[in-house]
Amino acid sequence: MIADNAGGQLEIIGGLHVWEAWPSLMHQKTIDCIRQSFKHSDQVNGGRECLHYAGLHYAGLHIKFPDGSVKHSDIAIFHRRPRETDFAVTDVPEAVIEIISEGYEKKDLELGPPFYLSQGVKDVIVYNPYTKVTRHFTAAGQSEYAKSVTLILQWGCQVTF
């Protein structure tokens, strides 16, 4: 409630408290465009679902991770329906997508990917709507794309940036 009244959101990443202003309209429009691009890939899917969730209005999906950290991912992707709760999702997503907001690049590029990977997220994608650069982080390393790209995530979900 304090974060809401201050015009922002609070995340706790590995014990570090990180404040962020509410996302802009451009941020929300980018999330909507990305979510509309999701498809199942016949190459890898194996019949699993490609469920993607975004937060409502100004905050991302509220996720509580096994280490007690709380993050608001812009888009969280699951291959099975997460358990519903009144507070935070406690299932670890298969993948997350973060949209960079100006002034929060360090949080999205330096803090987020290693944290998510340490918690068992298999694919972490960070998209910069200003430069159109997409970065894809996995346990095997990082790839960077400077133009439009379609990625097939590790369990077969396909998304275009």
Side-chain angles (χ1 to χ4, degrees), residues 2-4 6-35 37-38 50-79 82 85 87-146 148-155 157-161:
I2 293 169
D4 285 348
Q9 58 189 8
L10 175 65
E11 295 182 339
I12 303 169
I13 306 170
L16 178 66
H17 291 71
V18 179
W19 288 92
E20 185 173 13
W22 289 336
S24 67
L25 177 59
M26 183 174 111
H27 194 97
Q28 289 297 316
K29 287 171 68 177
T30 302
I31 290 170
D32 289 344
C33 287
I34 292 169
R35 290 186 71 205
S37 80
F38 276 94
C50 181
L51 304 167
H52 46 91
Y53 301 94
L56 298 174
H57 308 295
Y58 53 81
L61 183 67
H62 193 75
I63 304 169
K64 184 171 184 180
F65 286 90
D67 75 345
S69 295
V70 178
K71 284 212 31 74
H72 304 96
S73 66
D74 289 321
I75 303 171
I77 305 131
F78 298 85
H79 69 74
T85 68
F87 179 62
V89 170
T90 56
D91 294 337
V92 174
E94 296 295 319
V96 295
I97 299 172
E98 295 289 357
I99 312 304
I100 289 180
S101 295
E102 284 188 319
Y104 296 93
E105 295 87 354
K106 183 173 181 133
K107 177 186 84 73
D108 290 330
L109 288 170
E110 295 178 28
L111 295 177
F115 167 77
Y116 282 126
L117 293 171
S118 76
Q119 297 300 303
V121 176
K122 294 175 182 69
D123 293 276
V124 179
I125 302 163
V126 180
Y127 177 70
N128 187 329
Y130 306 100
T131 64
K132 309 297 186 216
V133 171
T134 303
R135 290 184 176 91
H136 184 194
F137 300 84
T138 66
Q142 173 188 347
S143 300
E144 184 173 309
Y145 307 92
S148 181
V149 64
T150 296
L151 299 174
I152 298 176
L153 306 180
Q154 290 185 44
W155 78 98
C157 193
Q158 179 178 304
V159 60
T160 301
F161 297 85

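The structure presented is a predicted model; accordingly, all values stated were derived computationally and were not measured.
The closest side-chain heavy-atom distance from Leu151 to Asp123 is not below 4.5 Å. Under the 4.5 Å side-chain criterion, counting only non-hydrogen atoms from C-beta, Val159 is in contact with Ser37. In this structure, His79 and Cys157 have side chains that are not in contact, with every pair of non-hydrogen atoms separated by 4.5 Å or more. Side-chain contact between Asp74 and Ile34: absent, with no pair of heavy atoms (C-beta onward) separated by less than 4.5 Å. Counting heavy atoms from C-beta on, the side chains of Glu105 and Ile100 come closer than 4.5 Å. Looking at Val121 and Phe65, their side chains come closer than 4.5 Å, going by heavy atoms from C-beta outward. Side chains of Leu153 and Lys122 form no contact here, defined as non-hydrogen atoms less than 4.5 Å apart.
Atom NZ in Lys107 sits 7.5 Å away from atom OG in Ser101 (nearest 0.5 Å). Separating the OH atom in Tyr53 from the CD1 atom in Ile63 is a distance of 11.5 Å, to the nearest 0.5 Å. With values rounded to the nearest 0.5 angstrom, Ile125 atom CD1 is found 8.0 Å from Thr134 atom OG1. Interatomic distance, Lys71 NZ to Leu111 CG, rounded to the nearest 0.5 Å: 8.0 Å. Once rounded to the nearest 0.5 Å, the distance linking CD1 of Ile99 with NZ of Lys29 reads 14.0 Å. Taken from CD in Glu102 to OH in Tyr130, the straight-line distance is 4.0 Å, to the nearest 0.5 Å.
Closest heavy-atom contact between His72 and His62: NE2-ND1, 2.9 Å. When all heavy atoms are compared, the tightest approach of Pro82 to Val89 is CB-CG1, 3.9 Å. Listed here is the closest heavy atom pair of Ser118 and Phe115: OG-O, 2.7 Å. For Gln119 against Val92, the heavy-atom pair with the smallest separation is O-CG1, 3.5 Å. Considering every non-hydrogen atom in both Ala54 and Ile31, the closest pair reads CB-CG2, 3.8 Å.
Legend: residues meeting side-chain hydrogen bond (donor to acceptor under 3.5 Å, both in side chains) with Glu144, ordered by chain and number and at least two apart, are Arg135. Applying the side-chain hydrogen bond (donor to acceptor under 3.5 Å, both in side chains) rule to Thr160 yields the partners Thr150; only residues at least two apart in sequence or on another chain are considered.
For an aromatic pair to be called close, the ring centres must be under 6.0 Å apart, and Tyr116 with Phe137 fails this.
Phe161 and Tyr127 have tilted rings, their planes meeting at an angle from 30° to 60° on a 0 to 90° scale.
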